[in-house]
Amino acid sequence: MTEKTMYQQLSEAIGAGDSVIIPEIIKLLADKNEAKILLAASPPATIEELAEKTGLPKKDVEPMAGALFKKGLIFKSIKEGIARYYRVRHILQFHDATILAEGMPPEFFDLWRKYNKTEFKQHHKAIESFLDKSAVRVIPVNIAIQPDTRIAPFDDVKEIVNEARSLAVAKCTCRVIEGGCGKPVEVCIQINKAADYALERGTGRKLSKEEAIEMLKMCEEEGLVHTVMNTKALGHVICNCCD
């Protein structure tokens, strides 16, 4: 199996098989042995299982899995004391996780900007076509709301914060790449499992509930738009998006 084939396979696995840019981004993030681990990490697998599937020594697989976790290409699930690793599952998850990887060269960000301009729209439309409703909902403040809109009042965001077990804040991945709006960057509020992930990975810092509310107020003053997952559940994130 050639490197090109592995990176193309990984691109296809996250719904970007037609992309010429995503394989290049993955190649910057993972060498050929790490790519083997990513291909093997579906379904979720232990370090021992990844070593067996890839033919790589267990002593090498464990640190590589840790590095892939830091880079946002692989996730970790621990049940009954056993850790299993699984690769990033779709293009939006890949976008949000990998952009915050530390130490990436300028070429990495150039590729993401190129992707946003040339390929993102078609992939986003493809994802939306599989959903029965919008993936996110916008939560505005102090405006008239029509009964048939998918909008909740600002107090719902406060309730999300108040109900959260754990909170953290990470950089807005969209503004890390583009940043043209000049708005604050460290305003993406992570909730519960997403907060735990950001803190373990080192891409976020812990927030108290009071700090989260103050951050939301600051975002409101900056004219940012509060966006949450379009579900009745608590969700994983409160984004604060520029217009």
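Just the heavy atoms: all of them, side chains too, but no hydrogens, waters or symmetry mates, feed the values below.
- Taking CD1 from I22 and OG from S11, the interatomic distance works out to 6.0 Å, rounded to the nearest 0.5 Å.
- Between I14 atom CD1 and S19 atom OG the span is 8.0 Å, to the nearest 0.5 Å.
- A donor-acceptor pair shorter than 3.5 Å cannot be found between the side chains of E222 and N240.
- Annotation for A194 and H236: closest pair CB-O, 3.3 Å, computed over non-hydrogen atoms.
- Of all heavy-atom pairs spanning A198 and Q190, the tightest one is CB-CG, 4.3 Å.
- To the nearest 0.5 angstrom, K71 atom NZ is 15.0 Å from T203 atom OG1.
- Counting heavy atoms from C-beta on, the side chains of F120 and I91 never come closer than 4.5 Å.
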Enumerate donor-acceptor pairs with a distance under 3.5 Å from any side-chain N or O in residues 98-106 to protein atoms, sequence neighbours excluded.
unit_1	atom_1	unit_2	atom_2	d
T98	OG1	F94	O	2.6

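- Under the 3.5 Å distance criterion, with hydrogens and angles disregarded, a donor-acceptor pair is assigned to the side chains of H123 and Y115.
- By the 4.5 Å heavy-atom criterion applied to side chains, I25 and Y7 are not counted as neighbours.
- Counting all heavy atoms, side chain and backbone alike, I191 lies closest to V237 at CD1-N, 3.8 Å.
- Two residues are said to be in side-chain contact when any heavy atoms from C-beta on lie closer than 4.5 Å; D18 and E119 fail this criterion.
- Panel note: side chain R84, backbone T46; no donor-acceptor pair is recorded below 3.5 Å.
- Applying the side-chain contact (heavy atoms from CB on, under 4.5 Å) test between L38 and each of N33, L29, T54, L10 identifies L10 as the sole match.
- The 12-atom threshold is not exceeded at NZ of K117, counting heavy atoms of other residues, nucleotides or ligands nearer than 6.0 Å.
- Of all non-hydrogen atoms in E48 and K58, the two that sit nearest each other are OE2-NZ, 2.9 Å.
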Self-check item: Residues E220, H226; criterion side-chain contact (heavy atoms from CB on, under 4.5 Å); working and verdict
Solution: CA-CA 8 Å; E220 184 182 334; H226 314 301; 4.0 Å; yes

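- E12 approaches G17 most closely through the heavy-atom pair CG-CA, 3.4 Å.
- Taking CD1 of I26 as the reference point, atom CE of M6 lies at 11.5 Å (rounded to 0.5 Å).
- A 4.5 Å side-chain heavy-atom check between Q93 and F75 finds at least one atom pair inside the cut-off.
- Counting non-hydrogen atoms of other residues, nucleotides and ligands closer than 6.0 Å to NZ of K53 gives a total above 12.
- Atom CD of residue E178 and atom OG1 of residue T173 lie 10.5 Å apart, to the nearest 0.5 angstrom.
- S77 places none of its side-chain heavy atoms less than 4.5 Å from the side chain of P44.
- Here the side chains of D60 and M64 are in contact, with some heavy-atom distance below 4.5 Å.
- Across K183 and C242, no two heavy atoms sit closer than the pair CG-CB, 4.3 Å.
- The shortest distance between side-chain heavy atoms of V161 and I238 falls below 4.5 Å.
- Atom CG of N192 sits about 9.5 Å away from atom CD of E163, to the nearest 0.5 Å.
- Within the 3.5 Å criterion, the main-chain N or O of N162 finds a donor-acceptor partner in the side chain of K209.
- Note on ring orientation: taking the six-membered ring where Trp is involved, the planes of W112 and H95 are perpendicular (angle over 60°, cut-offs 30° and 60°).
- Cluster annotation: V169 and L199 are assigned to distinct hydrophobic clusters (Ile/Leu/Val/Met/Phe/Trp/Tyr, side-chain heavy-atom contacts under 4.5 Å, transitive).
- Residues E24 and K27 are not paired through a salt bridge, judged by the lack of any N-O separation under 4.0 Å between the basic side chain and the carboxylate.
- Salt bridge present: R113 and D110 bring a charged side-chain N and a carboxylate O closer than 4.0 Å.
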